[in-house]
Amino acid sequence: MITLVDGIRQDVLAVTDSTIVRGDGVFEAVRSYGGRVFALEDHLERLALSAVAMGIPLPDDGRIGSWARSVGAEGGEGIVRIIVGRGDAVPGMSGEQRIVVIHHPVPFTPATLRIRPWPAPWHPAGRPWELAGVKTTSYAPNLAATRMAARDGFDDALLVSFDDIVLEGPTFGVAWVTEGVITAPELDLGILDSITRRRVLALASAEGLSVETGRFGIHALDEADEVFAMSTVKEVTPVISVGEREFVVGPVTARLRDLFRRHVVEADRLS
């Protein structure tokens, strides 16, 4: 693993930092393919939006992007994480802000996923909230849902509202295919505007596939033919069960997976 703190090669972070003491920070996870950081500008733009929502200042001199490209080039295939906190959260400390950039291997992801619907009372689910869709470091409820799903024999969770509206995975976006139409929860629900989700749905539309977003109850999946997850780590991964409902790895999901992988290669060639 490669770690930079404020651009300096080190792996020590003050225990008083707000990201440790309060989970008070923002972050991005960016894929590095063979040393080239994919869609970095999109991630940096989202990081800036998250920082504004959280009231956390970011440097505007390009250093974060430079550090991300540097660790990506050195580390090669992997994930580049950018973490920005507010500074020291303990009274009497310096208050100095720290920016951490890490490169680490891509976590293991199974070829297919089994996910369990899980109620997410902490999620805005369409209710007005200033931090809706903001990528903060406070992921404890999401990761708890993943652990609870794993406890019951699933790979991960599918977050749903108390009135059973489909939201997103704890660390991924979700969509499904019904009679050839690709359907995904709308961003107005307060789900994360996933860079992978954004690009996959755009690629689908460009290929002439029908795409719709909206608010859908969990029972909409009873009529679905295919389900898939989307994220920086998972790319496009087929879902073969949602609770007790089973699915096949269908042709639309396979096509989207291939389209996205070709898109990554093309983006690398043009960079």
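Position 1 is the first residue of the sequence; numbering continues from there.
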So, [X] side chain and [Y] main chain: donor-acceptor pair closer than 3.5 Å or not?
| X | Y | answer |
| --- | --- | --- |
| T232 | V30 | no |
| S18 | D24 | yes |
| H263 | L203 | no |
| R197 | G173 | no |

If hydrophobic clusters are built by linking Ile, Leu, Val, Met, Phe, Trp and Tyr wherever their side-chain heavy atoms come under 4.5 Å apart, do [X] and [Y] end up in the same one?
| X | Y | answer |
| --- | --- | --- |
| V236 | Y33 | yes |
| W118 | V166 | no |
| V84 | V52 | no |
| Y139 | I83 | yes |
| I191 | L49 | no |

When rounded to the nearest 0.5 angstrom, what is the spacing between [atom1] in [X] and [atom2] in [Y]?
| X | Y | atom1 | atom2 | answer |
| --- | --- | --- | --- | --- |
| L143 | D156 | CG | CG | 9.0 Å |
| T146 | L159 | OG1 | CG | 7.5 Å |
| L167 | L189 | CG | CG | 6.0 Å |
| R215 | I165 | CZ | CD1 | 8.0 Å |
| L47 | D42 | CG | CG | 12.5 Å |
| L192 | L187 | CG | CG | 8.5 Å |

Pairing donors with acceptors under 3.5 angstrom, does anything connect the side chains of [X] and [Y]?
| X | Y | answer |
| --- | --- | --- |
| D225 | W176 | no |
| E226 | T253 | yes |
| D11 | T3 | no |

Please go through I79's hydrophobic cluster and name the other residues, only I, L, V, M, F, W, Y counting, with side-chain heavy atoms under 4.5 Å joining them. V106, V233
Salt bridge or not for [X] and [Y], using N-O below 4.0 Å?
| X | Y | value |
| --- | --- | --- |
| R198 | D193 | yes |
| R46 | E28 | yes |
| R69 | E41 | yes |
| R98 | D88 | yes |

Would R114 count as a cation-pi partner of F154, with NZ or CZ less than 6.0 Å from the six-membered ring centre and within 45° of the ring normal? yes
Ring pair (Phe, Tyr, Trp, His ring centres under 6.0 Å) partners for F247, two or more places apart: none
Audit row: R199, F38, side-chain contact (heavy atoms from CB on, under 4.5 Å) steps and yes/no: CA-CA 12 Å; R199 296 212 173 195; F38 175 70; 3.8 Å; yes
What residues form a side-chain hydrogen bond (donor to acceptor under 3.5 Å, both in side chains) with R9, not counting sequence neighbours? E74
Under 6.0 Å between ring centres, would you say that holds for F27 and H43? no
Give a yes or no on this: more than 12 heavy atoms of other residues, nucleotides or ligands lie within 6.0 Å of atom CD of Q10. yes
Taking atom CG of D61 as the centre, does the number of heavy atoms from other residues, nucleotides or ligands within less than 6.0 Å exceed 12? yes
